[in-house]
Peer 1: 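Shown below is the structure under consideration.
Bear in mind the structure is a predicted one, so any value in this text is a computation, not a measurement. In what follows, residues are counted from 1 in the order of the sequence shown. Ligands are counted one by one from 1 in listed order, and the atoms in each one are counted from 1 as well.
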Amino acid sequence: MRLLVVGANGLLGSNVVHAGQQRGWTVCGTYHSTRPTFDIPLTQFDLQDYNSFDDILTEHDPDGVVNCAAMTDVDGCETNPEQAHILNGDAPGGLSAHCDANGVEFVHVSTDYIFNGTEREPYGESADPNPVQVYGESKLSGEQAVTKGTTDALVARVSFVWGIHRNRDELTGFPAWVRGRLLSDEDVPLFTDQWVTPTRAGQAAETLLNLAEQEATGLFHIACSSCVTPYEFGNIIADHIDNSEELLSEGSVDDVERDAIRPTYSCLDVERVESELDRPQPTLREDVETVRDVLR
Ligand SMILES: NC(=O)c1ccc[n+]([C@@H]2O[C@H](COP(=O)([O-])OP(=O)(O)OC[C@H]3O[C@@H](n4cnc5c(N)ncnc54)[C@H](OP(=O)(O)O)[C@@H]3O)[C@@H](O)[C@H]2O)c1
C-alpha cells in the first residue's frame with residue numbers, strides 16, 4: 001500500500017504516518033506550516049490550493065489518501081468563517097474529486113461538532129447533523145462535498161482528539177494540559193456539564209488504516225466507548241499521577257468565554273466501526289493506560 005497523508009504534521013496525521021510505517025507501507029505526506037522530521041517524501045501543500053491536488057497525486061502516486069488537514073481552531077473559524085469554509089468545506093471536496101478521477105482511495109476526517117448537542121444518548125452515524133458554530137458548519141459542508149463527488153470515500157468523525165504526537169514524540173491535547181498543571185501543583189478546573197467520547201489519535205490512526213485496508217466506505221464514528229465529562233477524564237489522568245486528585249475542581253462551560261459555542265453533549269456511538277472491524281473500541285481507561293508511562 002502506498003499511502004499519502006495530507007497534514008502529516010498534525011496530531012492525527014503524524015499518527016497515521018506512524019501507523020502506516022509500522023505496517024511496512026510506503027508512506028508519503030504533505031505539510032503546511034511546519035515540515036515534520038519523518039524520513040518520508042514530503043511536499044508542502046496548502047488546502048487552499050485544492051485545485052492543484054492533481055500535481056500532488058502525480059508526484060506521489062498513492063493508492064490511498066488520508067486527509068487529516070483542517071482548520072482546527074474552533075474559535076478561529078468563528079472569527080474567520082470564509083477561511084474555515086474554504087479549508088474545511090471546499091478543499092475536502094476538491095481532494096476527493098481528484099482522488100476519484102485518479103482511482104485513488106480517499107479517507108476524510110470530520111468531527112463530532114457537526115451535532116448540536118441536544119441529545120443525551122450517543123449520536124449514531126445516521127443522526128441528523130445540526131452544527132451550532134462555524135467550525136461544525138464548515139466541517140459538515142466538507143463531509144457533504146466529499147460524498148457528493150463519489151460514493152467510494154470513507155468519512156470518519158472523531159471527537160476530542162488527544163494522544164502522542166508522533167513527530168514531536170510528546171503527549172498532546174487535553175491530558176497534556178491536565179498533566180502539566182498537576183505536575184506544577186496548579187488547580188485544574190474541569191467541566192462537569194460537557195460530555196464527549198475522547199478519541200486517542202494512535203487508536204484512530206490504526207482504526208482508519210484497518211477500515212481502509214478493508215476498503216470500507218461511508219460514514220464511521222471513531223472514538224473510545226466511554227462518554228465522559230472532562231472532569232471524569234481528568235480524574236482518570238490523575239489516577240496515574242501521585243497525590244494529584246485534590247487539585248481537580250468542578251467547573252462549568254459557562255465559566256469560560258469563547259468566540260464559538262460548543263455542543264454540551266457530542267458523544268459518538270461507535271457500534272458501526274466495532275461491527276465493521278469485529279472488535280470493540282477501547283474504553284477511555286484502556287486508552288489512557290497505553291500512555292501511563294508518559295503521564296508519570
Ligand atoms: N483536535 C480535536 O479535538 C478534533 C476533534 C474532532 C475532529 N477533529 C478533526 O480531526 C482532524 C485532525 O485534527 P488534529 O487534531 O490532528 O489537528 P491538528 O493537530 O491541529 O492538525 C491540523 C493539520 O492541518 C494542517 N493544516 C492547517 N491549515 C492548513 C492549510 N491551510 N493547508 C494545509 N494543511 C493545513 C496542519 O498543518 P501544519 O501543522 O503543517 O500547519 C496540521 O497538520 C481534522 O480534520 C479535525 O477537524 C479534531
Side-chain angles (χ1 to χ4, degrees), residues 4-19 29-38 42-53 56 65-77 80 82-92 94-95 107-115 123 129 131 133-143 145-146 154-168 170-177 194 196-205 207-208 220-224 230 233 260 262-263 266-268:
L4 173 71
V5 183
V6 178
N9 190 48
L11 173 56
L12 183 59
S14 68
N15 276 275
V16 175
V17 169
H18 180 74
T30 73
Y31 65 97
H32 174 233
S33 57
T34 313
R35 186 187 174 95
T37 54
F38 291 121
L42 286 161
T43 307
Q44 188 166 24
F45 173 69
D46 190 328
L47 282 173
Q48 284 193 121
D49 304 327
Y50 59 88
N51 282 327
S52 66
F53 191 61
I56 302 281
V65 168
V66 182
N67 177 29
C68 298
M71 185 167 170
T72 54
D73 174 357
V74 177
D75 294 311
C77 288
N80 195 349
E82 272 175 34
Q83 182 80 345
H85 280 287
I86 292 169
L87 300 183
N88 293 344
D90 302 341
L95 266 53
V107 177
H108 177 63
V109 180
S110 190
T111 174
D112 55 335
Y113 276 18
I114 51 100
F115 295 117
Y123 287 96
Q133 77 295 97
V134 172
Y135 171 71
E137 283 166 13
S138 67
K139 293 291 289 184
L140 178 60
S141 77
E143 286 187 10
V146 166
L154 169 66
V155 177
R157 293 182 185 140
V158 296
S159 154
F160 213 74
V161 182
W162 66 281
I164 309 286
H165 191 291
R166 287 294 173 181
N167 187 51
R168 297 198 296 265
E170 73 186 15
L171 188 65
T172 305
F174 176 82
W177 176 74
Q194 183 196 14
V196 289
T197 38
T199 300
R200 184 169 62 82
Q203 203 282 328
T207 304
L208 282 172
F220 286 91
H221 289 173
I222 303 181
C224 76
F233 193 177
R262 268 73 170 171
S266 60
C267 293
L268 299 176

Peer 1: Nearest non-hydrogen atom to atom 21 (O) of ligand 1 belongs to which of Gly136, Gly10, Gly29?
Peer 2: Gly10
Peer 1: Look at atom 25 (C) of ligand 1 and say which protein heavy atom is nearest, naming residue and atom and giving the distance to 0.1 Å.
Peer 2: Ala69 CB, 3.8 Å
Peer 1: I want to check something: taking the side chain as every heavy atom from C-beta on, are Val16 and Leu208 in contact at a cut-off of under 4.5 Å?
Peer 2: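 Result yes, sub-4.5 Å side-chain heavy-atom pair found.
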Peer 1: In terms of residue, atom name and distance, what is the protein heavy atom nearest to atom 11 (C) of ligand 1?
Peer 2: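 For atom 11 (C) of ligand 1, the nearest protein heavy atom is Val109 CG1, 3.6 Å.
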Peer 1: Can you say whether the rings of Phe174 and Phe160 are parallel (under 30°), tilted (30 to 60°) or perpendicular (over 60°)?
Peer 2: tilted
Peer 1: Counting distance only, does the side-chain N/O of Lys139 pair as donor-acceptor with the main-chain N or O of Val134 below 3.5 Å?
Peer 2: no
Peer 1: Please name the residue in the list Val6, Leu87, Leu95 that meets the side-chain contact (heavy atoms from CB on, under 4.5 Å) test with Tyr50.
Peer 2: Leu95
Peer 1: If we ignore hydrogens and angles and just use 3.5 Å, is the side chain of Asn167 paired with the main-chain N or O of Ser14 as donor and acceptor?
Peer 2: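 Here the side-chain-to-backbone pair does not exist.
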Peer 1: Counting non-hydrogen protein atoms only, what is the nearest one to atom 39 (O) of ligand 1? Give residue, atom name and distance.
Peer 2: Asn9 ND2, 3.5 Å
Peer 1: Hey, is Ser110 touching ligand 1 through its side chain, its backbone, both or neither, going by heavy atoms under 4.0 Å?
Peer 2: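 The answer is the backbone of Ser110.
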Peer 1: Distance to 0.1 Å, residue and atom name: give those for the protein heavy atom nearest to atom 31 (N) of ligand 1.
Peer 2: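 Nearest neighbour among protein heavy atoms for atom 31 (N) of ligand 1, to 0.1 Å: Asp46 OD1, 3.0 Å.
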Peer 1: Suppose we measure from atom 32 (N) of ligand 1 to each protein heavy atom; which comes out shortest, and what is that distance?
Peer 2: Leu47 N, 2.8 Å
Peer 1: Of the choices Tyr31, Tyr50, Tyr113, Tyr135, which has the non-hydrogen atom that lies closest to atom 9 (C) of ligand 1?
Peer 2: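 Result: the heavy atom closest to atom 9 (C) of ligand 1 is in Tyr135.
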Peer 1: Would you say Ser159's side chain and Arg157's backbone share a donor-acceptor pair under 3.5 angstrom?
Peer 2: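 No; zero donor-acceptor contacts below 3.5 Å.
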Peer 1: As an exercise, identify every atom of ligand 1 less than 4.0 angstrom from a heavy atom of Cys68.
Peer 2: 11 (C), 12 (C), 23 (C), 44 (C)
Peer 1: Quick check on contacts: which atoms of ligand 1 are under 4.0 angstrom from a heavy atom of Leu87?
Peer 2: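 Those atoms are 31 (N).
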Peer 1: Quick check: Phe45 with Tyr31 (ring centres under 6.0 Å apart)?
Peer 2: no
Peer 1: Look at atom 41 (O) of ligand 1 and say which protein heavy atom is nearest, naming residue and atom and giving the distance to 0.1 Å.
Peer 2: Ser33 OG, 2.5 Å
Peer 1: Backbone or side chain, does any N or O of Gln48 fall under 3.5 Å from an N or O of ligand 1?
Peer 2: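 There is no such contact.
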Peer 1: Just checking, any donor-acceptor pair under 3.5 angstrom between side chains of Asp112 and Thr197?
Peer 2: no
Peer 1: Is it true that a side-chain atom of Arg200 and a backbone atom of Pro198 form a donor plus acceptor pair closer than 3.5 Å?
Peer 2: no
Peer 1: What is the closest protein heavy atom to atom 34 (N) of ligand 1, and at what distance does it sit?
Peer 2: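 Among all protein heavy atoms, the one nearest atom 34 (N) of ligand 1 is His32 CB, 3.3 Å.
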Peer 1: Check the orientation of Tyr135 and Tyr113. Use parallel for under 30°, tilted for 30 to 60°, and perpendicular for over 60°.
Peer 2: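 Perpendicular.
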Peer 1: Please name all residues satisfying side chain to side chain contact (heavy atoms under 4.5 Å, CB included) with Thr43, sequence neighbours left out, ordered by chain then number.
Peer 2: Ile56, Glu59, His60
Peer 1: Does a donor on one side chain sit under 3.5 Å from an acceptor on the other, for Gln203 and Thr207?
Peer 2: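 Yes, Thr207 and Gln203 have a side-chain donor paired with an acceptor closer than 3.5 Å.
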Peer 1: Provide the number and element of each atom of ligand 1 under 4.0 Å from a heavy atom of Lys139.
Peer 2: 44 (C), 45 (O), 46 (C), 47 (O)
Peer 1: Do any non-hydrogen protein atoms sit less than 4.0 Å from atom 36 (C) of ligand 1?
Peer 2: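 No, there is none.
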Peer 1: With heavy atoms under 4.0 Å as the rule, classify the contact between Arg157 and ligand 1 as side chain, backbone, both or neither.
Peer 2: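 Within the 4.0 Å criterion, Arg157 makes no contact with ligand 1.
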Peer 1: Please identify each residue that fulfils side chain to side chain contact (heavy atoms under 4.5 Å, CB included) with Asn15, with sequence neighbours left out.
Peer 2: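 If we apply the side chain to side chain contact (heavy atoms under 4.5 Å, CB included) test to Asn15, skipping adjacent residues, the hits are Leu11, Arg166, Ala201, Ala205.
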Peer 1: Taking 4.0 angstrom as the limit and counting only heavy atoms of Phe160, give me the atoms of ligand 1 inside it, by number and element.
Peer 2: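 Near Phe160, the atoms of ligand 1 are 3 (O), 5 (C).
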Peer 1: Out of Gly7, Ala70, Ser138, who gets a non-hydrogen atom closest to atom 24 (O) of ligand 1?
Peer 2: Ala70
Peer 1: Would you mind checking which non-hydrogen protein atom is closest to atom 14 (P) of ligand 1, with the distance to 0.1 Å?
Peer 2: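 Heavy-atom neighbour on the protein nearest atom 14 (P) of ligand 1: Leu12 N, 4.2 Å.
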Peer 1: Using a strict cut-off of 4.0 Å, indicate which atoms of ligand 1 neighbour a heavy atom of Phe45.
Peer 2: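 Contacts of ligand 1 toward Phe45, numbered from 1: 32 (N), 33 (C).
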Peer 1: Would you say that Thr199 contacts Leu12 through its side chain, given a criterion of any heavy-atom pair below 4.5 Å between the two side chains?
Peer 2: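 No. Closest side-chain heavy atoms not under 4.5 Å.
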Peer 1: Could you name the option among Val161, Val66, Val5 that has the heavy atom nearest to atom 15 (O) of ligand 1?
Peer 2: Val161
Peer 1: Give yes if a backbone or side-chain nitrogen or oxygen of Leu11 is under 3.5 Å from a nitrogen or oxygen of ligand 1, and no if not.
Peer 2: yes
Peer 1: Taking only heavy atoms of Thr34 into account, list the atoms of ligand 1 that are under 4.0 Å away from them.
Peer 2: 40 (O)
